[in-house]
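Down below is the structure, laid out as structure tokens.
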Number of protein chains: 2
Amino acid sequence: MIDRASGLPAYRQVAGALREKINTGEYNPGDKLPSERILVETYGVSRITIREAVGLLRSEGLVSSEHGKGVFIRPPHRVERLSRSRLSRAARAENKGAFLGDAEANKFTPSVSVKITFEPADTDTATTLGIDEGVEVTVRERVMRANGLPVQLATSRLPREITRDTLIEQVDTGKGGSYARLEEAGYPLDHFVETVSTRMPTPEEASMLQLDNGTPIFAVRRIAYSAEGRAVEMNDMRLSGDKYELAYEFPAG
Amino acid sequence: MIDRASGLPAYRQVAGALREKINTGEYNPGDKLPSERILVETYGVSRITIREAVGLLRSEGLVSSEHGKGVFIRPPHRVERLSRSRLSRAARAENKGAFLGDAEANKFTPSVSVKITFEPADTDTATTLGIDEGVEVTVRERVMRANGLPVQLATSRLPREITRDTLIEQVDTGKGGSYARLEEAGYPLDHFVETVSTRMPTPEEASMLQLDNGTPIFAVRRIAYSAEGRAVEMNDMRLSGDKYELAYEFPAG
DNA sequence: AAGTGGTCTAGACCACTAC
DNA sequence: TAGTGGTCTAGACCACTTT
């Protein structure tokens with residue numbers, strides 16, 4: 001099976017052969033690959049070479065290994081589509097926040113843990129919120145779970161000046177969530193800006209979101225602007241890349 | 001340096017030590033890591049173990065190897081921000097298409113190669129464009145380069161019925177690009193919907209976009225809707241994840 | 001107990017880059 | 001020529017899962 005004279009390294013040839021069998025459907029999602037010892041005999045290469053081939057497929061997100069059980073073909077993405085129109089005032093009024101709205105739209109059981117702290121603004125925060133460095137900021141760190149599985153990390157930062165004496169400083173922000181409280185506090189919202197980037201997770205992110213190898217994450221920063229044009233909240237979100245798809249609609253005019 | 005009794009594998013301890021030195025600034029972007037042979041002596045482990053540690057950092061996108069030269073700390077993302085308001089009619093009128101608009105905004109020298117074919121619609125295309133399977137579709141495949149470097153792959157599909165006798169079937173679509181031609185042909189655009197997902201690239205995508213290890217890609221599908229609500233174009237884009245950031249603005253109301 | 005993937009060793013040769 | 005990363009081997013022991 002392996003052409004030693006082709007110039008292509010053996011492990012890439014093995015990876016290519018396995019990839020082919022996955023793509024053509026000879027192996028299907030959930031199937032187990034032959035064990036490493038068997039692949040050694042099949043392709044006539046050493047075990048390390050087989051492991052390198054499998055490692056390549058893993059880093060492509062095609063397979064994932066389970067210690068003591070085997071290597072399995074990963075199922076296609078299970079995707080929750082996050083449509084940004086759900087942030088409309090009307091949609092917000094109906095529930096306790098964006099994540100719970102997603103839960104209703106996508107039919108999963110949501111749970112959220114929240115940690116609230118107060119910190120001086122670092123450079124990035126100060127620049128983004130248009131305040132001075134060191135000014136006190138309310139920080140809401142949340143872990144969102146769908147059916148018990150962590151799928152999203154989010155950290156919101158707001159100038160404390162505008163959250164004092166509101167439910168935003170409490171774990172439960174009440175019906176409509178933080179955005180509703182902001183509007184009541186005299187900061188009617190005008191628009192949001194989201195910037196989306198993607199990268200591989202840090203080891204901490206990978207463990208918190210229970211990500212397989214070869215799974216990138218979305219890093220989304222949402223900034224909420226009040227009617228006066230002030231940035232009143234920044235929300236840094238980390239989404240598991242294999243569970244989410246983001247949808248945006250915008251006019252042509 | 002390595003604690004054999006900690007239970008944590010040696011290669012993870014080495015990776016952790018190197019990651020620490022990168023994060024604390026002991027190694028800076030562009031710096032070369034000590035050679036593998038030197039790390040072998042430093043940490044008292046075999047070369048394979050060192051290579052496993054470096055491989056982990058590579059898969060995290062922290063470093064990249066150059067054969068014969070060394071392993072280098074990757075510079076932070078060089079980011080082009082793609083703001084979707086650039087698709088407004090006014091912005092489009094000024095240039096030949098979205099990519100050339102980006103070029104102007106981000107000051108790089110753009111080049112585009114285009115391949116045009118006509119194909120029967122597959123299931124996905126038919127569903128998305130609301131036509132029957134097998135109906136002829138105009139396919140524009142493009143490779144966009146910034147300063148000679150491929151940064152984006154894009155494939156547009158439109159029902160041929162509406163592109164016949166327009167510049168959309170030509171390599172050069174003229175001032176304002178395909179969208180301007182669509183509007184002239186009697187399909188004024190109303191809005192776009194973009195869905196964004198992220199994943200690791202296939203080997204082909206990685207080689208076309210010249211991606212380092214540990215670099216995910218954006219897969220963006222943009223659908224253009226005419227004033228009558230018809231999907232007139234679908235555009236599947238592949239963007240290098242370490243070069244792009246996507247920005248979307250939407251109202252709170 | 002048997003099978004699986006995970007870790008690790010010592011050593012070899014190759015391909016690429018620099019001087 | 002010397003140094004670098006890339007590939008590969010044969011073999012060992014460990015940790016986890018299943019039977």
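So you know, we letter chains A, B, ... as the sequences are listed, proteins then strands, and number each from 1. None of these values were measured; they are calculated from a predicted model.
For the segment residues 44-56 of chain A, residues with any heavy atom less than 4.0 angstrom from an atom of DNA chain D are, sorted by number, A/V45, A/S46, A/R47, A/I48, A/T49. Within residues 4-20 of chain B, no residue approaches DNA chain D, by heavy-atom distance under 4.0 Å.
Side-chain atoms of B/T24 and B/E26 form no donor-acceptor pair, as typed in the model, at a separation below 3.5 Å. For the residue pair A/S113 / A/R142, no side-chain donor-acceptor distance below 3.5 Å is found, with atom types taken as modelled.
Panel note: side chain B/T49, backbone B/V45; no donor-acceptor pair is recorded below 3.5 Å. For the pair A/T127 (side chain) and A/T123 (backbone), a donor-acceptor distance under 3.5 Å is present.
With rounding to the nearest 0.5 Å, the separation of CD1 in B/I22 from CG in B/L33 is 6.0 Å.
Using five terminal pairs a side, the axes of the helix from C/dA1-D/dT18 to C/dA18-D/dT1 at its two ends make an angle of 10°, given in steps of 10 degrees.
Exactly one of A/D124, A/T195, A/T155, A/N235 qualifies for a side-chain hydrogen bond (donor to acceptor under 3.5 Å, both in side chains) with A/R221. That residue is A/D124.
With sequence neighbours excluded, the residues forming a side-chain contact (heavy atoms from CB on, under 4.5 Å) with A/T202 are A/R199, A/E204, A/E205, listed by chain and number. Among residues two or more places apart in sequence or in another chain, the side chain to side chain donor-acceptor pair (under 3.5 Å) test is passed with B/S6 by B/Q13.
Salt-bridge annotation for A/R51 and A/E36: present, with a side-chain N of the basic residue lying under 4.0 Å from a carboxylate O of the acidic one. The pair A/R19-A/E60 counts as a salt bridge, with a side-chain nitrogen and a carboxylate oxygen less than 4.0 angstrom apart. Salt bridge status for B/D242 with B/R74: present, with a side-chain N to carboxylate O gap under 4.0 Å. With respect to the salt-bridge test (charged N to carboxylate O, under 4.0 angstrom), the residues A/E233 and A/R157 do not qualify.
For DNA chain C, the contact window with chain A, defined by any atom under 4.0 Å from a protein heavy atom, covers C/dG3 to C/dT9 in 5' to 3' order.
The distance from atom CZ of B/R37 to atom P of D/dT4 is 7 Å, rounded to the nearest whole Å.
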